[in-house]
Amino acid sequence: MSKPVIAIDMGGTKIKIGIVHQDTILASASIDSYSGEGLRPRLPLIKEIVDKLLERAEIPITSVSGLGISSPGIVDNHRKRILSVDKKFGDAPDINLEEWCLLTFGIPFFIENDARSALLGEWKYGNAKDADNLILMTLGT
């Protein structure tokens, strides 16, 4: 049986945070990203929001299978690092987000480029779930 996940989309204008189980959003919130100021100052608020969403959804952190971040820029999903971000979250390549996740929540961490994340979401759960081939183009901040 699958468990819910914490999903975080780091947009240039908004950071969207959700507790998701399969194709259902159980609880969600959105905060201003202030991406020009970096990611590190937003991490305490992200933790606070996640805690509130878990409480609202009545899900203990021990029942969550992991936390995934979709990030703008160049992402190494194998090393679980942001390698480069242009003008957004400039400090992100210097942050060990996997370590932050383990110390903060004690759960596995995953990261992927935001456009690739959107493509995978559409292919698995969205308008392209019956497609063999697809292309997705994102336009953001």
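No hydrogens, no waters, no symmetry mates; every other heavy atom, side chains included, goes into these values.
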> For L134 and W123, what are the C-alpha separation, side-chain angles and deciding distance, and is it a side chain to side chain contact (heavy atoms under 4.5 Å, CB included)?
Replying inline: CA-CA 8 Å; L134 61 140; W123 175 66; 3.6 Å; yes
>> Around atom CD1 of I135, are there more than 12 heavy atoms from other residues, nucleotides or ligands closer than 6.0 Å?
In response: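 Atom CD1 in I135 is not crowded, with 12 or fewer foreign heavy atoms closer than 6.0 Å.
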> Take atom CD1 in I61; do more than 12 heavy atoms of anything else shown fall under 6.0 Å from it?
Replying inline: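 Count over threshold, so yes.
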>> Between D114 and S71, is there a side-chain donor-acceptor contact under 3.5 Å, judged purely by atom types and distance?
In response: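 Distance-only check fails for S71 and D114.
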Heavy atoms only: give me the nearest [X]-[Y] pair and the separation to one decimal.
| X | Y | answer |
| --- | --- | --- |
| I15 | M10 | CG1-CA, 4.4 Å |
| L39 | A92 | CD2-CB, 4.4 Å |
| P72 | K88 | CG-CD, 4.2 Å |
| S65 | P108 | O-CD, 3.4 Å |
| A57 | A27 | CB-CB, 4.3 Å |
| S33 | K14 | OG-N, 3.8 Å |

Taking side chain as C-beta onward, heavy atoms only, is [X] less than 4.5 Å from [Y]?
| X | Y | answer |
| --- | --- | --- |
| Q22 | S2 | yes |
| F109 | L102 | no |
| K3 | S63 | no |
| I107 | T62 | no |
| I19 | I25 | no |
| L83 | P93 | no |
| F89 | I95 | no |
| N113 | I74 | no |

>> Run the side chain to side chain contact (heavy atoms under 4.5 Å, CB included) test on S117 and D9 for me, step by step, so that the C-alpha distance in whole Å, both residues' side-chain angles and the decisive distance to 0.1 Å come before the verdict.
In response: CA-CA 9 Å; S117 295; D9 176 46; over 6 Å; no
With clusters defined by side-chain heavy atoms of hydrophobic residues (ILVMFWY) lying less than 4.5 Å apart, directly or transitively, does [Y] cluster with [X]?
| X | Y | result |
| --- | --- | --- |
| I49 | L97 | yes |
| I59 | I8 | yes |
| I17 | L45 | yes |
| L43 | I69 | yes |

> So I46 and I31, side chain to side chain contact (heavy atoms under 4.5 Å, CB included) or not? Walk me through it.
Replying inline: CA-CA 9 Å; I46 290 170; I31 59 173; 4.2 Å; yes
> Which residues satisfy the side chain to side chain contact (heavy atoms under 4.5 Å, CB included) test with T24, sequence neighbours excluded?
Replying inline: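 In terms of side chain to side chain contact (heavy atoms under 4.5 Å, CB included), with neighbours along the sequence ignored, T24 is linked to L26.
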>> I need the L103 CG to C101 SG distance, nearest 0.5 Å.
In response: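 Spacing of CG (L103) from SG (C101) equals 9.5 Å.
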>> For residues 63-82, which residue pairs pass the salt bridge (Lys or Arg N to Asp or Glu O under 4.0 Å) check, not counting sequence neighbours?
In response: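 Output for this query lists D76-R79, K80-E98.
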> Any salt bridge (Lys or Arg N to Asp or Glu O under 4.0 Å) pairs touching residues 116-136, not counting sequence neighbours?
Replying inline: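 Checked against salt bridge (Lys or Arg N to Asp or Glu O under 4.0 Å) - neighbours excluded - the pairs reaching residues 116-136 are E112-R116.
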> Does D91 reach the main-chain N or O of R40 with its side chain, forming a donor-acceptor pair under 3.5 Å?
Replying inline: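 At least one qualifying donor-acceptor pair exists.
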>> Treating S28 as the side-chain partner and G18 as the backbone partner, does any N or O pair qualify as donor plus acceptor under 3.5 Å?
In response: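 Looks like no, no N/O pair under 3.5 Å.
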>> Determine whether V5 and L67 satisfy the following criterion, side chain to side chain contact (heavy atoms under 4.5 Å, CB included), listing intermediate values before the conclusion.
In response: CA-CA 6 Å; V5 298; L67 182 146; over 6 Å; no
> Are the aromatic rings of F105 and W100 close, with centres under 6.0 Å apart?
Replying inline: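 Ring centres of W100 and F105 closer than 6.0 Å.
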